[in-house]
Amino acid sequence: MRVQLGGTIKQECEQVSIPPHFMVGSSHELFDFIAGVVAKFVAKEGEDFHLPPGRQRELGFTFSFPVRQSSLASGTLIKWTKGFFIEDTVGEDVVGELKKAMEKVGLDMRVTALINDTVGTLARGRYTDPDVVAAVILGTGTNAAYVESAQAIPKLEGDLPKSGDMVINMEWGNFRSTHLPLTEYDQSLDDESLNPGEQIFEKIISGMYLGEIVRRVLLRMAEEASFFGDSIPPNLKIPFILRTPDMSEMHHDTSSDLKVVGKKLKDILEVTSSSLKMRRMVVEVCDVVASRGARLATAGIVGILKKLERGEKERSVIAVDGALFVHYTEFRNCMKSTLKELLGEAASDRVILEHSNDGSGIGAALIAASHSQYLPVEES
């Protein structure tokens with residue numbers, strides 16, 4: 001994403017998916033790929049984005065994995081999540097890895113800020129609305145961040161920030177508790193994952209895993225109740241073959257004969273024939289799995305509000321981004337109804353779940369711009 005800041009935010013953006021083999025390859029392969037994509041993007045920029053002579057490009061780097069951040073523009077990777085597993089990056093400074101890759105392709109860019117997508121979304125929301133108190137990502141993975149009074153942070157060392165506040169990156173995807181409603185399907189998914197015992201909250205509420213939980217439930221129904229007939233569809237045994245977008249389409253099927261459900265069962269799981277009763281049961285499974293995820297995500301948000309002691313009459317905005325929240329309507333609607341259930345009608349009306357479109361990218365640009373090396377020149 002390329003952003004120009006002024007009275008309004010002007011942006012050009014391009015989305016590129018990371019090929020699966022780079023998610024488990026080597027560090028230099030992943031960062032070389034990222035640098036190559038950035039180089040191609042820069043080469044296509046329009047006239048409005050040309051820099052003045054002598055200016056170096058500045059970059060806000062959104063890196064949505066747990067890091068031990070030593071400064072605004074440096075941080076070592078603690079561990080991978082969301083299906084990534086590249087051993088030689090763990091413990092390395094990810095900004096340094098990107099810098100080396102950019103130098104290889106001749107990109108003269110300075111990383112001004114390293115942030116994760118949740119903090120970027122919080123910055124984006126706060127820039128336009130002072131009532132934004134927290135941000136939540138609900139996409140492939142999940143995380144939350146909120147604004148806390150610096151005096152309420154026991155771990156904080158050194159001088160307090162001038163604003164008196166500090167952003168807390170919760171990394172709530174790694175939350176685990178005996179109170180979480182885990183099932184045997186969650187346990188088997190975790191046992192077979194790349195990071196068993198970690199990211200438990202993420203594994204029961206985020207977009208990477210919801211479809212897989214549905215698949216595991218359907219497989220058990222096929223094995224123990226002959227749900228799909230005398231034989232088990234071979235594709236049903238393939239992990240992650242049923243993606244959350246497919247689950248969402250089935251859940252949202254409003255046709256009288258649930259033809260979308262029938263088509264998904266045929267095209268993905270190779271179930272050649274399905275009755276209406278069978279399709280309704282599949283929708284019910286999708287509803288149970290999605291509702292659990294949405295209700296737990298909302299409980300996390302309510303926990304943040306209670307920690308901040310937000311009053312019933314205070315307007316509290318939660319900036320939310322991520323494909324799960326944006327595209328899975330039933331999931332989003334369940335979150336809103338759960339807010340009412342947990343807070344009551346009156347209090348929940350003062351809590352707004354607001355989509356922060358491209359929040360992480362714009363937020364990274366905002367933070368990078370606020371720490372630009374050219375800022376003193378421009379102010380003078």
Side-chain angles (χ1 to χ4, degrees), residues 15-20 23 62-66 80-85 116-118 120-121 135-145 170-175 180-183 185-186 189-190 192-195 198-218 238-253 260 264 268 282-283 285-301 318-336 338 353-361:
Q15 279 192 330
V16 179
S17 297
I18 295 178
M23 296 168 64
T62 303
F63 188 76
S64 305
F65 302 91
W80 289 105
T81 58
K82 290 174 283 196
F84 282 76
F85 191 72
N116 69 21
D117 51 357
T118 318
T121 300
V136 173
I137 297 294
L138 288 166
T140 303
T142 184
N143 193 13
M170 296 179 68
E171 291 295 344
W172 83 358
N174 202 33
F175 174 67
L180 285 176
L182 300 180
T183 68
Y185 309 107
D186 305 310
L189 186 155
D190 178 51
E192 296 165 24
S193 70
L194 293 172
N195 54 345
E198 300 177 355
Q199 300 299 116
I200 300 301
F201 197 52
E202 182 169 87
K203 287 171 182 171
I204 57 178
I205 74 170
S206 76
M208 180 170 180
Y209 300 102
L210 295 183
E212 172 62 6
I213 295 170
V214 169
R215 181 196 71 83
R216 288 170 182 266
V217 174
L218 295 179
I238 302 174
F240 291 94
I241 193 172
L242 185 65
R243 303 174 309 122
T244 301
D246 300 315
M247 166 190 172
S248 173
E249 286 187 50
M250 293 192 293
H251 197 176
H252 292 136
D253 188 359
V260 174
K264 290 291 180 184
I268 298 171
V282 170
V283 173
V285 172
C286 293
D287 184 68
V288 169
V289 173
S291 296
R292 182 187 67 162
R295 289 171 66 81
L296 286 170
T298 309
I301 291 171
I318 312 298
V320 190
D321 201 9
L324 182 64
F325 179 81
V326 174
H327 300 299
Y328 203 145
T329 305
E330 290 289 341
F331 189 97
R332 186 172 65 249
N333 289 344
C334 183
M335 288 184 68
K336 293 176 180 177
T338 303
L353 302 180
E354 188 170 89
H355 176 216
S356 181
N357 190 32
D358 290 330
S360 60

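As a basis for the values below, the full set of heavy atoms in this structure was taken, side chains included, without hydrogen atoms, waters or symmetry mates.
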I need the [X] [atom1] to [Y] [atom2] distance, nearest 0.5 Å.
| X | Y | atom1 | atom2 | result |
| --- | --- | --- | --- | --- |
| D246 | I241 | CG | CD1 | 9.5 Å |
| D117 | T62 | CG | OG1 | 7.0 Å |
| R292 | C334 | CZ | SG | 12.5 Å |
| L296 | S291 | CG | OG | 10.5 Å |

Are the side chains of [Y] and [X] in contact, using a 4.5 Å heavy-atom criterion?
| X | Y | answer |
| --- | --- | --- |
| V288 | V217 | no |
| V289 | Y185 | no |
| I268 | M250 | no |
| V282 | K264 | no |

Counting only pairs under 3.5 Å, give me each side-chain donor-acceptor contact of residues 201-214, with atom names and distances, residues two or more places apart or in other chains.
from : atom 1 : to   : atom 2 : distance (Å)
E202 : OE1    : Q199 : NE2    : 3.4
E202 : OE2    : T142 : N      : 3.1
K203 : NZ     : D190 : OD1    : 2.6
K203 : NZ     : S193 : OG     : 2.9
K203 : NZ     : N195 : O      : 3.0
K203 : NZ     : N195 : OD1    : 3.1
K203 : NZ     : E198 : O      : 2.9
S206 : OG     : T140 : O      : 3.0
S206 : OG     : E202 : O      : 2.8
E212 : OE1    : R215 : NE     : 2.9
E212 : OE1    : F240 : N      : 2.6
E212 : OE2    : R215 : NE     : 3.3
E212 : OE2    : R215 : NH2    : 2.8
E212 : OE2    : R216 : NE     : 2.8
E212 : OE2    : R216 : NH2    : 3.2

What heavy-atom pair brings S64 and T81 nearest, and what distance separates the two atoms?
O-OG1, 4.3 Å
Minimum heavy-atom distance T121-S360, with the two atoms named:
OG1-N, 3.5 Å
Pairing residues for E171 by the side-chain contact (heavy atoms from CB on, under 4.5 Å) criterion, not counting sequence neighbours:
P66, N116, N143, N169
Is it true that F85 and W80 have ring centroids separated by less than 6.0 Å?
no
Between T118 and W172, does a side chain to side chain contact (heavy atoms under 4.5 Å, CB included) hold up when you go through it step by step?
CA-CA 11 Å; T118 318; W172 83 358; over 6 Å; no
Side-chain atoms of residues 320-329: list all donor-acceptor pairs with protein atoms under 3.5 Å, sequence neighbours left out, distances to 0.1 Å.
from : atom 1 : to   : atom 2 : distance (Å)
D321 : OD1    : H355 : NE2    : 3.2
D321 : OD2    : G359 : N      : 3.3
Y328 : OH     : H251 : ND1    : 2.7

Output, in order, the C-alpha distance, side-chain angles, deciding distance and verdict of side chain to side chain contact (heavy atoms under 4.5 Å, CB included) for D186 and L180.
CA-CA 11 Å; D186 305 310; L180 285 176; over 6 Å; no
